Each structure stands twice: as C-alpha cells, then as structure tokens.
Amino acid sequence: MDPSDLFDALETKQNIMVIDARKDFAFVKEHIPGSINLPHRTMNADTTAGFDKNVIYVTYCDGIGCNASTRGALNMAKLGFNVRELIGGIEWWKFDGYETEGTHQTAGLQIQCAC
C-alpha cells in the first residue's frame with residue numbers, strides 16, 4: 001500500500017489499523033498519526049491476542065533501508081491477520097506531505113498524489 005492509499009483509507013475511516021513495527025524509541029520520536037507501536041521482534045500470539053482478525057493491518061518502518069515493516073507484515077500474516085506493508089515507510093509518508101506525531105513531529109503539506 002502506498003502512502004496516498006493509506007491516507008485515503010484513514011480519512012474514509014476504513015477498517016484499518018496502522019502498526020509502527022520499529023522499536024519504541026523511534027515511535028516516540030515520530031510516527032504516523034493514529035498508529036500503534038508493536039515492534040516486529042515482539043509480534044506473537046500473546047502481543048496480538050486482542051487484535052481483530054477482520055481489520056486490515058498496515059505495517060511500516062523507517063523506509064526502504066529498514067526491514068521492520070517487512071518482518072512485521074510476515075509475522076502478522078503468519079498469525080493469520082490480513083496485512084499490508086506501507087511502501088517507503090514513514091519517510092515516503094512524509095515525502096508525500098503527510099503529517100507525523102511525536103517529539104519530532106512534522107506538519108502536513110497541502111499536496112495531492114500524482115498517482
């Protein structure tokens with residue numbers, strides 16, 4: 001899923017949950033608004049026990065130089081969840097002009113996707 005598709009899904013309140021698959025210090029620094037932090041290394045049946053199997057989960061990480069979202073998506077899929085990976089991670093999210101939250105948050109821009 002690309003950032004534009006994720007933004008649209010969140011704006012239209014689709015049945016979707018965004019998971020930051022990085023370690024907690026990265027999440028505290030900056031994350032996609034509304035996302036939860038579940039590092040890929042801790043994804044298991046216990047840490048996802050309360051998760052709804054009817055939700056689409058979207059994992060993300062730093063970007064193309066990080067594989068936490070890929071590992072997270074694989075873990076979630078193995079646990080039986082419907083999962084997508086955010087292309088380009090939080091870096092492409094910001095590149096496309098979307099805001100972030102956290103101690104180093106960025107404001108969103110008024111741009112449109114060219115897709």
Side-chain angles (χ1 to χ4, degrees):
M1 174 177 278
D2 69 21
S4 176
D5 290 338
L6 177 57
F7 182 80
D8 288 344
L10 293 170
E11 285 290 296
T12 59
K13 308 234 185 280
Q14 294 179 25
N15 198 16
I16 199 163
M17 174 60 70
V18 184
I19 298 175
D20 187 323
R22 304 173 300 160
K23 292 181 179 177
D24 60 348
F25 70 87
F27 180 81
V28 169
K29 181 178 177 181
E30 186 176 39
H31 57 271
I32 293 173
S35 64
I36 63 167
N37 184 223
L38 182 58
H40 72 90
R41 287 177 168 80
T42 65
M43 288 178 182
N44 58 48
D46 291 334
T47 60
T48 61
F51 286 25
D52 185 345
K53 297 271 184 167
N54 296 311
V55 170
I56 295 173
Y57 294 90
V58 179
T59 61
Y60 75 90
C61 59
D62 286 334
I64 62 173
C66 178
N67 66 4
S69 63
T70 303
R71 289 175 182 248
L74 178 60
N75 290 342
M76 294 296 286
K78 285 180 178 179
L79 291 166
F81 293 100
N82 187 351
V83 64
R84 309 284 185 279
E85 183 178 4
L86 180 64
I87 298 169
I90 197 167
E91 286 305 314
W92 284 13
W93 174 264
K94 294 187 303 184
F95 178 78
D96 281 354
Y98 303 116
E99 71 179 332
T100 61
E101 296 177 331
T103 60
H104 292 77
Q105 68 188 18
T106 58
L109 305 174
Q110 296 295 322
I111 63 171
Q112 295 181 351
C113 178
C115 299

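This is a predicted model, so every value here is computed, not measured.
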How long is the straight-line distance from NZ of Lys29 back to CG of Asp24, given to the nearest 0.5 Å?
14.0 Å
What do the steps show when you test Leu6 against Trp93 for side-chain contact (heavy atoms from CB on, under 4.5 Å), and what is the final call?
CA-CA 9 Å; Leu6 177 57; Trp93 174 264; 3.8 Å; yes
Determine, stepwise, if the pair Thr59 / Phe81 fulfils side-chain contact (heavy atoms from CB on, under 4.5 Å).
CA-CA 12 Å; Thr59 61; Phe81 293 100; over 6 Å; no
On a heavy-atom basis, which atom in Leu10 and which in Ile16 lie closest, and how many Å separate them?
CD2-CG2, 3.7 Å
Set of side-chain hydrogen bond (donor to acceptor under 3.5 Å, both in side chains) partners for Thr106, sequence neighbours left out:
Thr100
Sorted by first residue and then second, give each salt bridge (charged side-chain N to carboxylate O under 4.0 Å, His left out) pair with at least one member in residues 3-22; sequence neighbours left out.
Asp20-Arg22, Arg22-Asp62
What do the steps show when you test Ile90 against Glu30 for side-chain contact (heavy atoms from CB on, under 4.5 Å), and what is the final call?
CA-CA 9 Å; Ile90 197 167; Glu30 186 176 39; 3.9 Å; yes
For Ser69 and Cys61, which heavy atoms make the closest approach, and how far apart are they?
OG-SG, 3.3 Å
Heavy-atom closest pair, residues Met1 and Val58
SD-CG2, 3.8 Å
Give a yes or no on whether Leu86 and Phe7 share a hydrophobic cluster (residues Ile, Leu, Val, Met, Phe, Trp, Tyr; joining criterion: side-chain heavy atoms under 4.5 Å apart).
yes
Distance (rounded to the nearest 0.5 Å) between Asp52 CG and Met17 CE
9.5 Å
Should Val83 and Val55 be counted in the same cluster of Ile, Leu, Val, Met, Phe, Trp and Tyr side chains packed under 4.5 Å apart?
yes
Can Ile32 be reached from Ile56 by stepping across I, L, V, M, F, W or Y side chains whose heavy atoms are under 4.5 Å apart?
yes
Hey, could you give me the CD/CZ distance between Glu101 and Phe27, rounded to the nearest 0.5 Å?
7.5 Å
Just how far is it from atom CZ of Phe25 to atom OG1 of Thr103, taken to the nearest 0.5 Å?
11.5 Å
Same cluster (ILVMFWY, side-chain, under 4.5 Å), Val18 and Leu38
no
Ile64 vs Trp92, side-chain contact (heavy atoms from CB on, under 4.5 Å): CA-CA, chis, key distance, verdict
CA-CA 9 Å; Ile64 62 173; Trp92 284 13; 4.1 Å; yes
Between Ala73 and Glu85 the two heavy atoms that sit nearest each other are CB-CB, 4.5 Å
What is the ring orientation for Phe51 with Tyr57, classed by angle as parallel under 30°, tilted 30 to 60°, or perpendicular over 60°?
parallel
For the atom pair CG (Asp96) and NZ (Lys94), what is the distance rounded to the nearest 0.5 Å?
12.5 Å
Please indicate whether Ile36 has more than 12 foreign heavy atoms, meaning atoms of other residues, nucleotides or ligands, lying under 6.0 Å from its CD1.
yes
Which heavy atom of Lys23 sits nearest a heavy atom of Pro39, and at what distance?
CA-CG, 4.1 Å
With hydrophobic residues grouped by side-chain heavy-atom distances under 4.5 Å, do Met76 and Leu74 end up in a single group?
no
